[in-house]
Amino acid sequence: MNERKTLEERAQMTDLERLRHSCAHVMATAILRLWPNAQFAYGPPVENGFYYDFDLKEHRITPDDFEKIEAEMRKIAKENQRFERIVISREEARAMAESGRLGGLADRPGNPSRFKIDLIDKIPEGEEISCFKNGEFIDLCAGPHVGYTSKCKNVKLMAVSASFYMGDESKGQLQRVYGTAFESKEELAQHLVQLEEAKKRDHRRLGKELKLFHIDEDVGQGLILWTPNGAVIRHELQTFISEELRKQGYNQVFTPHIGKLALYKTSGHFPYYKESQFGAIVENEAMQACADAGCTCAEIMQRLDALSGKLRQQINDRVGSEVIPESRVLPDDKLLDGFMLKPMNCPHHIKIFDSQPRSYRDLPVRLAEFGTVYRWEQSGELNGMTRVRGFTQDDAHLFCTEDQVAAEVLGCLSLVKVVLNTLGMNDYRVRVGLRDLDSSKFTGDPEKWDKAEDACRQAAATLGVPFTEEPGEAAFYGPKIDFVIKDVIGREWQLGTVQVDYVLPVRFDLSYVGPDNRPHRPVMIHRAPFGSMERFCGVLIEHFAGHFPAWLAPEQVRILTVSEKSEVFARDIAAQLQAAGIRYTLNADADKIGAKIRNAQLDKIPYMLVLGEKEAASGAVAVRHSKRGDLGVTPAAEFIANLVAEVKERRL
RNA sequence: GCCGAAGUAGCUCAGGGGUAGAGCAACGCAUUCGUAAUGCGUAGGUCGUGGGUUCGAUUCCCACCUUCGGCUCCA
């Protein structure tokens, strides 16, 4: 990520990026005034601000230092230094860097600007080398910058963290200070308010407050426990998605959470993705036999990784090349088979497809499952519901003829569109991952690729949402379409993907009988349009900020009695809601009505029924909506009928 | 996995070498109230876990676990 941007890319910097880039220089100037030995490395603008990486041994920056640094930055802004572009020769640049002058305030003998030296060496021969000077600070920099430092006054430092030079751990660890900056004070203030908003919407916080899910250390990190409230939401979503799947001719299946290692050797997932899978599960007897034979741990691992000569031969024959080297083969009596927690559902679904002969008349076969998979994500990556180690994909695998690919991809996309529309998530984009023509990473017949890529491209175009084509982003076995959702705060989340696959049908030797009465190879489409229920719910929680529409809300109605005098009536209304299948609770506590309303509001219950003596007398309910406020008095039957319709239609 | 920060009551947080404190929540009593907080009272903690230093550790030191922010990664 720390690659030098090309000059062209730099020229495309927006005004805001240019400002933030200049702010990075101002921050470096300020930090150098405070700690003259700092060695600056790389300081670009980023999505929400900027950062600068630097090495500083004698002091570890903490948020307590921000005030001091910001004060110095404000001073520099006041000094209104001009940003001056200076073109120098490679030799001059090196000399300046050697003396510690680049990325420094003055010559620093014995303190050469080592990162800058490296950066100079990385600049291609013949390319112009430029510096930018503001006041006493000179930095190696291609620019561009704003004219004067006075522009850089609406700045705030946000965070400090560790980073590596060029992302390379071996180069030693640097300190990184993040900041943000805007043209105006108002925009900065607004950004900070937005960040506060984002914090309030954080699904981890709301998940706790609204009791939607729980992660327990004793169960394991990255493993979601869906508590009753969250389970209601997930169940409603799954019901909804299932209904849409039925409309589109999918068949639902169920498969177990584990499968034999050999299955994943056939698919090619094991041991290729071993790093991100849970370890093998081996039967006690087999383990004991290994122990009796005096196997070391390494030998056991080797026996697990290996496969039989027969399987190797089969797969190599099917693929038509030496995808599995001789070195992975062990004699059958040395092989150790075990089970794996499934990291994906496709092999199981493939086996269902392959469990009976298929005719072209049967195609496409669409097998859907809310399939739970397990992946060994790195511990530092885990995050609430959005990055976990066990999750349930809204998965399906479509087996079709080559001619059907385009229509099937289109079908997948229209499903996504229906669901996202229903949830009011209209701000999303589509990324079409194509192969990189220059790369050997992508296997298979170029003609098929062209056809599939074309199908994806055309399908994406019909969605009526922005899409980008990204060469090199395809899976190695086929092109794919990814959905990137933007939430209300503007953050992007990658959810599902649709992938066309020509490889697995080969590895599993899948076939169907064509009209010519001969076997043909089907094409597979993998699709998990929402990625996982976990991530999708996490995004959904933030999308709605916890204010779920009635059809999804764990508690749809809360009945609030004004006093004991209306309790009998309240119980009657409760019975009616129960009969109508509404999820409700009754709050007949001794609290005052204001307190009950406040609590229901905090619990983000969509509908509150305020029931006092007046309502009891007329058989009506006073309705309050958590977002729309007091809706006035309605006959109870009418309220219930409306709510039932609202839920049934999944209104927002 | 790497770097940094943090972990004290259900939640949000204060404190600090002499075995803990607030607000909210919970529970009890009183109050029966009309659209975002009624009052009083009670209970609740091996101060993340395990070691070490010490007469004594929640506080200091070490290791580990978990969380957060980044980095790297994401079939």
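All values derive from a computational prediction rather than experimental measurement. Chain identifiers are assigned alphabetically (A, B, ...) following the order of the sequence lines, protein sequences preceding nucleic acid strands; residue numbering begins at 1 within each chain.
Residue A:Arg387 places a side-chain atom within donor-acceptor reach of the base of B:C73, judged by atom type and a 3.5 Å distance cut-off alone. Judged by distance alone, with hydrogens and angles left aside, A:Arg375 brings no side-chain donor or acceptor close enough to the base of B:C74 to form a pair under 3.5 Å.
With P as the reference atom, B:A9 and B:G23 are 16 Å apart, rounded to whole Å. Atom P of B:U53 sits at a distance of 46 Å from the matching atom of B:G41, rounded to the whole Å. Taking atom C1' in both B:U46 and B:G51, the straight-line distance is 16 Å, to the nearest Å. For the P atoms, the distance linking B:U59 with B:A20 amounts to 14 Å, nearest Å. B:C55 and B:G17 have their C1' atoms separated by 12 Å, with the value rounded to a whole Å. Separation of the C1' atoms belonging to B:A43 and B:G56 is 29 Å when rounded to the nearest angstrom. Comparing the P positions of B:A5 and B:A63 gives a spacing of 13 Å, expressed to the nearest Å. Of the C1' atoms belonging to B:G18 and B:U38, the separation is 42 Å, rounded to the nearest Å.
Heavy atoms of A:Lys614 sit under 4.0 angstrom from at least one base atom. Within the 4.0 angstrom heavy-atom criterion, base atoms lie near A:Glu564. Counting non-hydrogen atoms under 4.0 angstrom, A:Glu615 reaches a base of the nucleic acid. Here A:Asn599 lies out of heavy-atom contact (under 4.0 Å) with every strand. Contacts of A:Gly594 with the nucleic acid, taken as non-hydrogen atoms under 4.0 Å apart, involve only primed sugar atoms and P, OP1 or OP2. Residue contacts for A:Glu613: at a heavy-atom cut-off of 4.0 Å it reaches a base atom on one of the strands shown. Within 4.0 Å of A:Gln601, counting heavy atoms only, lies at least one base atom of the nucleic acid. Looking at heavy-atom distances under 4.0 Å, A:Gln175 makes no contact with the nucleic acid at all. Nucleic acid contact class of A:Ile597 (heavy atoms, under 4.0 Å, all strands): base. At the heavy-atom level, A:Ala590 lies under 4.0 Å from base atoms of the strands shown. Within 4.0 Å (heavy atoms only), A:Ala622 reaches at least one base atom of the nucleic acid.
A sub-4.0 Å separation between OP1 or OP2 of B:G1 and a side-chain N or O of A:Ser379 is present. Dashed line: the shortest gap from a side-chain N or O of A:Lys565 to OP1 or OP2 of B:C33 is under 4.0 Å. At the phosphate of B:C73, neither OP1 nor OP2 sits under 4.0 Å from any side-chain N or O atom of A:Gln378. When the side-chain nitrogen and oxygen atoms of A:Arg204 are compared with OP1 and OP2 of B:C68, one or more of them lie within a distance under 4.0 Å. A:Tyr374 has no side-chain polar atom (N or O) that falls below the 4.0 Å cut-off from OP1 or OP2 of B:A75.
Between A:Leu611 atom CG and B:U32 atom P there is a gap of 20 Å when expressed in whole angstrom units. Nucleotide B:U35 holds its C1' atom 14 Å from the CG atom of A:Leu602, rounded to whole Å. For the pair A:Asn383 CG and B:C68 P, the computed distance is 6 Å after rounding to whole Å. To the nearest angstrom, P of B:A75 lies 20 Å from OH of A:Tyr502. When the C1' atom of B:A5 is taken as reference, atom CZ of A:Phe66 falls 12 Å away, rounded to whole Å. Distance, A:Asp218 CG to B:G48 C1': 11 Å, rounded to whole Å. Atom CG in A:Asp216 sits about 15 Å away from atom C1' in B:G7, given to the nearest Å. Regarding A:Asp591, its CG atom lies at a distance of 11 Å from the P atom of B:G39, rounded to whole Å.
Side-chain contact check for A:Lys342 and A:Thr255: at least one donor-acceptor pair (N or O, by modelled atom type) lies under 3.5 Å. When only modelled atom types and interatomic distance are considered, A:Arg535 and A:Gln494 share no side-chain donor-acceptor pair under 3.5 Å. Between A:Thr585 and A:Glu555, the side chains place a donor N or O and an acceptor N or O closer than 3.5 Å (distance only, hydrogens not considered). A:His526 and A:Gln499 are not linked by any side-chain donor-acceptor pair at a separation below 3.5 angstrom, with hydrogens and angles left out of the test. Between the side chains of A:Asp55 and A:Gln175, no donor-acceptor pair is found at a separation under 3.5 Å.
Comparing A:Val160 and A:Trp376, the nucleotide of RNA chain B nearest to each residue sits closer to the 5' end for A:Val160. Mapping A:Ser276 and A:Arg624 onto RNA chain B by nearest heavy atom places A:Arg624 closer to the 5' end of the strand.
Pairing of B:A14, defined by two Watson-Crick or G-U wobble distances under 3.5 Å, is not identified with any nucleotide. Using the Watson-Crick or G-U wobble rule with both distances under 3.5 Å, B:G39 pairs with B:C29. Summarising the base pairing, B:G45 is matched to no nucleotide, lacking a Watson-Crick or G-U wobble pair whose two defining distances lie under 3.5 Å. Base pairing analysis places B:G34 opposite nothing; no Watson-Crick or G-U wobble pair with both distances below 3.5 Å involves it. Across all strands shown, B:G69 forms a Watson-Crick or G-U wobble pair with B:C3, both key distances being under 3.5 Å. Taking a pair to require two hydrogen-bonding distances under 3.5 Å in either a Watson-Crick or a G-U wobble arrangement, B:U19 remains unpaired. The partner of B:G56, taking Watson-Crick or G-U wobble pairs whose two distances both stay under 3.5 Å, does not exist in any strand shown.
Which of B:A36, B:G34, B:U12 sits closest to the side chain of A:Lys208 comes down to B:U12. Of the candidate nucleotides B:U67, B:U38, B:G70, B:G70 has the atom lying nearest to any side-chain atom of A:Arg176. Distance from the side chain of A:Glu217 is smallest to B:C65 among B:C65, B:U67, B:U38.
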Inset, instruction - Go through the steps for A:Ser566 and A:Glu615 under the test side-chain hydrogen bond (donor to acceptor under 3.5 Å, both in side chains), then give the verdict. - result: CA-CA 8 Å; A:Ser566 53; A:Glu615 288 74 21; over 6 Å; no
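A:Gln277 is listed as a side-chain neighbour of A:Phe270, based on a closest heavy-atom distance under 4.5 Å.
Within the cation-pi definition used here (under 6.0 Å to the ring centroid, within 45° of the axis), A:Arg20 does not qualify as a partner of A:Phe50.
Salt-bridge annotation for A:Asp482 and A:Lys480: present, with a side-chain N of the basic residue lying under 4.0 Å from a carboxylate O of the acidic one.
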